[in-house]
Structure formats: structure tokens, C-alpha cells
A.B. asks: 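Got a structure for you, questions after.
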Amino acid sequence: MPVTDAVGTNGVHMVAASRAAADLVLKRAEFELAVHLGIVRVEARRSGGRPRVRQEEIDRLRSEKGFPGALRERVRTVGTAEGARLLGISPVRFARLARAGCVTPVAFYLNRYRAVVWLYLAQELGGLAARSPELLVGRSPAWMRDRLDSGSDCRPRNWRSRRIERLLSLTEDPWVRAAVVAQTLDPAQLAEVVDDPYERAYFARVRPEPVFGQRGSSATQDTMGRLMLADEPDEILWRRVNLIVELDGAREVRQAPRPGDERRADVEAFDRPPTAAVPFDRSDWAEPVDPAERVEPAHPAGSAEPAEAVGPGGPTEPLQHAELDGGDPVRPAQPAASAGPLGLLARLRLRRVRGGRRRQERASRSAAHPAGRRPRGGHGSHGWKCPPAGPQMGPRREGAAARDQEVAQGGRGWQSLPNVDQGSNHR
């Protein structure tokens with residue numbers, strides 16, 4: 001047997017649902033119906049996942065008399081046409097009996113036109129013939145005629161009630177029972193009964209699913225959800241009352257999980273209470289000292305002298321005093337010997353001093369040559385140079401000069417001048 005089909009848990013031999021269906025000679029739909037009816041008992045796994053079947057349960061069913069034909073007969077379903085043939089009546093009369101509630105469907109499927117086709121247990125139809133033979137012949141009773149004349153159809157409600165009763169009988173968990181009942185109410189009515197959103201979200205997590213998971217198309221799943229909703233006022237009221245009772249019992253056992261409960265559960269499991277946060281102590285930090293108030297260390301004999309500061313034009317004398325915008329001489333801070341807050345502040349202060357000196361130099365140069373053009377060489381020691389004038393001027397400047405002269409003399413516009421630059425390539 002493959003390892004994925006059989007699992008040993010605490011010495012108990014567990015079998016997957018697919019392997020159990022093969023051992024019992026049942027199709028998947030028949031196996032799901034057998035589990036739903038309680039014929040085959042399954043056990044849910046604590047760690048989650050699909051339920052499994054004990055090997056002893058499979059051996060018990062296989063040892064019954066008439067296996068596998070008797071087991072398959074217990075889960076055999078029929079439609080309207082075959083059910084009418086078993087009862088010996090017409091399909092129309094069988095449909096009237098089903099609509100009146102005399103026969104309860106156990107399953108359904110969607111045909112090619114997406115119409116609901118109800119299925120019934122063959123054994124129950126035989127019990128109806130033995131229990132109420134007067135319904136199969138003669139005129140229908142008055143109560144049946146009145147119910148059918150009002151246009152009511154009891155098949156969805158009877159199927160819903162039967163399914164809920166079976167799901168409730170298969171579990172003892174109070175929250176799962178409450179989730180089963182909650183399926184019958186639409187979101188608006190469910191919010192009126194259960195106002196806690198975490199409890200409603202917990203319903204969706206613990207809601208029981210088929211042993212093989214959700215199967216079928218999206219249309220089938222939508223139809224399943226629609227048929228599970230109560231649609232009559234008396235049924236809605238009955239389901240609301242049942243949900244309140246089940247929810248009160250579930251709250252007494254345990255509360256619905258909320259965000260952060262997993263973390264608290266882990267802390268309690270390891271018996272490690274959360275450690276209180278220690279406030280950050282800033283007393284160990286060295287407070288920055290103003291560079292002007294620092295006391296420079298004495299340089300012993302044989303020690304290296306401080307490095308000279310580098311100015312814009314190259315090495316100059318050490319910047320012992322620098323005048324800022326305010327005009328007060330400020331001694332630049334010496335770089336700290338070790339990296340730290342003090343060294344960083346000193347470097348920032350030195351950069352500020354150098355920046356102020358450069359701004360003063362640029363301002364003095366601008367004042368000395370207000371109409372000149374800034375040289376392209378950057379901050380050199382060549383000073384400002386005015387561009388040469390006269391015959392060395394290019395075509396563009398000669399055209400501009402001729403245009404200005406023509407306009408000053410009141411002549412024609414600059415468009416008529418032959419050498420005027422009008423966006424040509426003469427550059």
C-alpha cells in the first residue's frame with residue numbers, strides 16, 4: 001500500500017478517503033453520500049487536511065453480508081423517471097408527491113440546461129410504498145392539493161433540513177455546529193444575529209466540507225449556496241433561534257480566535273512571558289562640545305604638526321581665523337582623532353567655515369567685474385577676462401552688431417540684413 005494512502009497515528013492504521021472508496025467498491029459520489037448518511041465513519045485530523053478512515057471501519061463494512069452489492073444498494077439514488085418506475089406510478093404523480101413533501105431528496109445535480117435535478121434514495125421510495133399506499137393510487141388528499149395549488153415546492157426545504165441534521169449529527173464541536181446552522185442565513189441576517197466579525201470569519205474556517213473537497217463547477221457551487229439559504233419567514237426565524245442557542249454554547253466552551261491569539265498561545269505553551277521593554281538610556285552618549293570651547297591638546301616634541309587646510313587655489317596657510325558672514329573670527333575645529341559624534345560635528349563646522357570663505361571670494365570677484373563674463377576655467381587664479389572685440393568677432397556677433405546699428409538708425413528690420421544670424425548653421 002502506498003505511503004500516501006495509509007498513515008499510522010498512535011498505532012491506528014488510517015486510510016485516505018480515495019483508498020477507502022476503492023476498497024469498498026464505491027464511486028466517489030457514492031462514498032461521499034455514505035459518509036453523509038453515516039454509513040461510513042471518518043475521523044478528522046487535528047493538524048487539518050482531509051478526513052481519513054480507519055482500517056477497522058473498512059474491514060467491518062467488507063465483512064457484512066452481501067458486500068459489496070448490499071452496501072451499494074444503501075447509497076443508490078434515482079431520479080424522477082426511475083423513482084416513478086419503482087413505485088409503479090407516472091412521473092407526473094411522482095413529481096407531485098415530491099413537491100408536496102412526501103419524498104425528501106438526498107442530493108441534486110445540474111443538467112446541461114443548468115436546471116436542478118433532484119435525486120432520491122431508492123430504499124426510501126420502497127418505504128413510502130409500504131407506509132402510505134393510498135398516495136400512489138386514486139385521488140390526491142385535500143392537503144396535498146391545497147399545497148400544490150398554492151405553488152409551494154417543499155423539495156429545497158426538505159433537502160436543506162435533512163442536510164443540516166446530518167451535518168449536526170456528525171460533529172460534537174460547538175463552533176462547527178454553529179457554523180453549520182449559520183449557512184442557512186444570508187450575510188445580512190447573519191450579521192444581525194452574530195455582530196462579531198471575527199466569529200463570522202471563524203464560521204467560514206471550521207465549516208465542514210466534503211471528504212474529497214469542493215468539487216464541480218462554479219455554477220454547481222453557487223447553486224449549492226443558494227439552496228442552503230432559508231427562504232421562508234418561519235424557517236428563517238427557526239434558523240435564527242437555533243443559531244443563537246448553538247452560539248451561546250460555543251462561547252461558553254471557548255472564544256473565537258482573534259488576531260494575535262496564536263502568538264499568545266505560543267508564549268503560554270513555552271511558558272515564556274513577554275519581556276518588558278527596557279527604556280533606552282541616553283546617558284552613555286557623549287554630549288557634543290562646542291569646538292570654540294574645546295581645549296586643544298598640546299603637541300609634544302617630535303609629534304606631527306596639524307595638516308594645513310587646502311583652499312580653492314591650492315595649499316595656503318593654515319586657516320587659523322576665518323571671518324563668516326557676521327564678521328566674527330571663528331577658529332575652525334580640528335578633526336577628532338577617533339570617529340564619533342565629536343569628530344562629525346567638527347568636520348561639519350570646518351566645512352561651514354570653508355564654505356563661508358568661498359562665498360566671500362565669489363562676492364568680491366563679482367563686485368570687481370560686474371559686466372564681465374564668468375570664465376570657463378572654474379575657480380582659478382587668472383581673474384576675469386573680457387572677450388575680445390573688433391574684427392576677431394565671429395559672424396554671429398557681427399550680425400548682431402549690424403542689426404543693432406540698423407535698428408538705431410531707423411532703417412529696415414534685421415530680416416533684410418545679409419549677415420544676420422536667423423538660426424543658420426554659421427556658428
Side-chain angles (χ1 to χ4, degrees), residues 1-2 4-7 9 12-45 48-80 82-83 86 98 103-110 116-128 155-156 158-173 176-177 179-180 183 206-217 220-221 223-224 227-228:
M1 180 179 297
T4 57
D5 294 341
V7 178
T9 305
V12 180
H13 192 63
M14 306 295 292
V15 180
S18 58
R19 184 56 185 263
D23 293 343
L24 296 176
V25 197
L26 295 175
K27 300 178 181 178
R28 286 202 168 194
E30 295 175 344
F31 185 81
E32 287 183 353
L33 184 57
V35 174
H36 179 69
L37 296 177
I39 300 175
V40 180
R41 295 188 294 267
V42 298
E43 295 184 3
R45 303 172 62 183
R50 304 290 172 78
R52 296 181 176 270
V53 186
R54 291 195 177 191
Q55 184 64 37
E56 293 80 0
E57 180 71 10
I58 299 177
D59 298 339
R60 180 185 67 84
L61 294 173
R62 291 178 62 91
S63 62
E64 290 182 352
K65 185 180 180 179
F67 178 85
L71 180 60
R72 301 193 65 177
E73 183 64 23
R74 296 171 64 180
V75 295
R76 185 168 71 95
T77 58
V78 296
T80 301
E82 190 174 358
L86 292 177
V103 184
T104 302
V106 70
F108 73 93
Y109 70 91
L110 298 181
V116 178
V117 179
W118 297 103
L119 300 176
Y120 310 88
L121 285 176
Q123 288 186 346
E124 293 183 355
L125 296 181
L128 175 64
R155 290 176 294 183
N158 291 345
W159 170 83
R160 182 166 50 247
S161 300
R162 181 174 190 167
R163 179 176 178 83
I164 292 175
E165 291 176 3
R166 292 304 310 166
L167 292 176
L168 292 177
S169 64
L170 296 176
T171 181
E172 297 294 337
D173 192 335
V176 177
R177 295 175 61 89
V180 170
Q183 293 182 5
V206 302
R207 185 176 301 153
E209 295 184 357
V211 290
F212 297 109
Q214 295 291 345
R215 298 189 302 119
S217 60
T220 303
Q221 297 179 7
T223 304
M224 171 74 76
L227 292 176
M228 283 296 296

A.B. asks: Can you list the steps and then say if L33 with L121 is a side-chain contact (heavy atoms from CB on, under 4.5 Å)?
C.D. replies: CA-CA 10 Å; L33 184 57; L121 285 176; 4.1 Å; yes

A.B. asks: Do you know the tightest heavy-atom contact between V35 and L170?
C.D. replies: O-CD1, 3.8 Å

A.B. asks: For a 4.5 angstrom cut-off between non-hydrogen side-chain atoms, does Y109 reach T220?
C.D. replies: no

A.B. asks: How far apart are the closest heavy atoms of A179 and V206, and which atoms are they?
C.D. replies: CB-CG2, 3.9 Å

A.B. asks: Given 3.5 Å as the limit, does a donor-acceptor pair link the side chain of R160 with the main chain of L227, or not?
C.D. replies: yes

A.B. asks: Is a side-chain N or O of R166 found less than 3.5 angstrom from the main chain of H36, in a donor-acceptor match?
C.D. replies: yes

A.B. asks: Measuring from Q123:CD to L86:CG, what's the distance to the nearest 0.5 Å?
C.D. replies: 11.5 Å

A.B. asks: Between V53 and D23, is a side-chain contact (heavy atoms from CB on, under 4.5 Å) present by the stated rule, with each step listed?
C.D. replies: CA-CA 11 Å; V53 186; D23 293 343; over 6 Å; no

A.B. asks: Side chains of P156 and W118, heavy atoms from C-beta outward: is any pair under 4.5 Å?
C.D. replies: yes

A.B. asks: Just how far is it from atom CD of Q183 to atom CG of L167, taken to the nearest 0.5 Å?
C.D. replies: 7.0 Å

A.B. asks: Of all heavy-atom pairs between Y120 and A98, which one has the smallest distance, and what is that distance?
C.D. replies: OH-CB, 3.3 Å

A.B. asks: Calculate, to the nearest 0.5 Å, the distance between atoms CZ and CD1 belonging to R162 and I164 respectively.
C.D. replies: 13.5 Å

A.B. asks: List for me each residue that meets side-chain hydrogen bond (donor to acceptor under 3.5 Å, both in side chains) alongside E73, sequence neighbours excluded, and say none if there are none.
C.D. replies: R76

A.B. asks: Out of curiosity, L125 CG to E82 CD, how far, rounded to the nearest 0.5 Å?
C.D. replies: 9.5 Å

A.B. asks: Does the side chain of M14 reach to within under 4.5 Å of the side chain of Q55, using non-hydrogen atoms?
C.D. replies: no

A.B. asks: When you look at CD of E172, are more than 12 heavy atoms from neighbouring residues, nucleotides or ligands closer to it than 6.0 Å?
C.D. replies: no

A.B. asks: For L61 and I39, work out which heavy atoms get closest and say how close.
C.D. replies: CD2-O, 4.0 Å

A.B. asks: By side chain to side chain contact (heavy atoms under 4.5 Å, CB included), which residues pair with D173, not counting sequence neighbours?
C.D. replies: T171, W175, V176, R254

A.B. asks: If you define the side chain from C-beta out and look only at heavy atoms, does anything of V78 sit under 4.5 Å from L119?
C.D. replies: no

A.B. asks: Minimum heavy-atom separation for L24 to P68, with atom names?
C.D. replies: O-CB, 4.4 Å

A.B. asks: Among residues at least two apart in sequence or on other chains, which ones pass side-chain hydrogen bond (donor to acceptor under 3.5 Å, both in side chains) with E57?
C.D. replies: R41, R60

A.B. asks: If you compare all heavy atoms of V25 against all heavy atoms of R72, which two are closest, and at what distance to 0.1 Å?
C.D. replies: O-CD, 3.5 Å

